[in-house]
Amino acid sequence: MTMQADAQARLFLCLKDNYGVLLHDAATGATAAIDAPEAAPVEAALTASGWKLTDILVTHHHGDHTAGIAELKRRHHCRVVAPRREAAKIPDVDTTVGEGDTVALGALTAQVIETPGHTLGQINYFFPTAKLLFAGDTLFSIGCGRVIEGTPEMMWQSLLKLRALPDDTRIYCGHEYTDANIRFAITIEPDNPALAARAAEVKRQLAAGSPTIPSLMGDEKRANPFLRADVPAVAAAVGLSGKPAAEVFAEVRARKNRF
Ligand SMILES: [Zn+2]
């Protein structure tokens with residue numbers, strides 16, 4: 001059996017529009033919650049799957065990603081892995097990690113990718129063999145996180161790091177924002193056929209009551225305007241033809257904030 005077949009992900013809603021995910025290594029039984037927005041939905045997913053929680057992999061310090069940690073830790077005595085640069089703001093941390101570190105989950109291995117912008121210490125967990133990316137609030141489907149602690153330039157550089165990952169990477173993000181993101185993206189690239197295709201797919205998914213997550217990195221590269229600030233059509237759409245990509249990104253992000 002390949003390692004990819006051993007990695008099983010289970011997605012579920014938390015709070016209003018947050019996503020929780022369990023990642024399970026069938027070879028060893030190790031199971032991680034990626035972030036813990038609240039404990040009860042994580043417990044329900046553990047019960048439904050029969051998996052035992054061994055780890056919590058935290059992407060960033062915001063309360064809607066960390067509020068369930070203390071209760072889960074108390075009940076399961078799991079290891080809590082968190083970004084080094086903001087570990088002091090996260091409860092019950094056992095292990096801190098940063099750029100280039102690896103995190104073992106049973107026989108699976110994640111690479112840690114730092115993406116400052118939404119917060120200064122935000123990290124992503126990329127499992128290269130399973131081709132899974134847990135992106136927290138950095139990259140959403142057809143969107144990206146608000147630039148709260150960092151600068152737009154910093155966020156653009158962070159998104160470029162994620163854009164360098166393979167097209168067949170499946171992306172799990174922290175929120176179900178895809179529908180609103182698409183409505184905005186169409187104002188930037190109304191004639192992008194990849195965006196139209198993703199819009200049709202998302203319409204079908206939501207009509208069926210299905211999540212729009214995970215999305216594929218290849219689709220995001222072709223349709224997500226926040227990964228396309230260096231595409232001439234995107235610069236032209238915001239009146240910044242020939243300007244640096246980071247400046248175009250900043251303008252697209254500012255327009256989304258007002259949308
Ligand atoms: Zn956040």
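For ligands, and for the atoms within them, numbers begin at 1 and follow the listed sequence. In this chain, numbering begins with 1 at the start of the sequence shown. Computed over heavy atoms, backbone and side chain alike; hydrogens, waters and symmetry mates excluded.
At a cut-off of 2.8 Å, His62 is counted among the residues with an N, O or S atom near the Zn ion (ligand 1). The Zn ion (ligand 1) lies at 2.8 Å or more from every N, O or S atom belonging to Asp64.
Just one of Phe226, Phe140, Phe259 meets the ring-ring contact (aromatic ring centres under 6.0 Å, His included) condition when paired with Tyr177; it is Phe140.
Centred on the Zn ion (ligand 1), the NE2 atom of His118 and the NE2 atom of His60 lie at an angle of 100°, reported to 10°.
Its N, O or S atom nearest to the Zn ion (ligand 1) is what matters here, and for Asp137 that atom is OD2.
Within the 3.5 Å criterion, the main-chain N or O of Val112 finds no donor-acceptor partner in the side chain of Asp101.
With sequence neighbours excluded, the residues satisfying side-chain contact (heavy atoms from CB on, under 4.5 Å) with Gln205 are Arg198, Glu201, Val202, Ser210, Thr212.
Ile34 is not listed as a side-chain neighbour of Tyr172, based on a closest heavy-atom distance of 4.5 Å or more.
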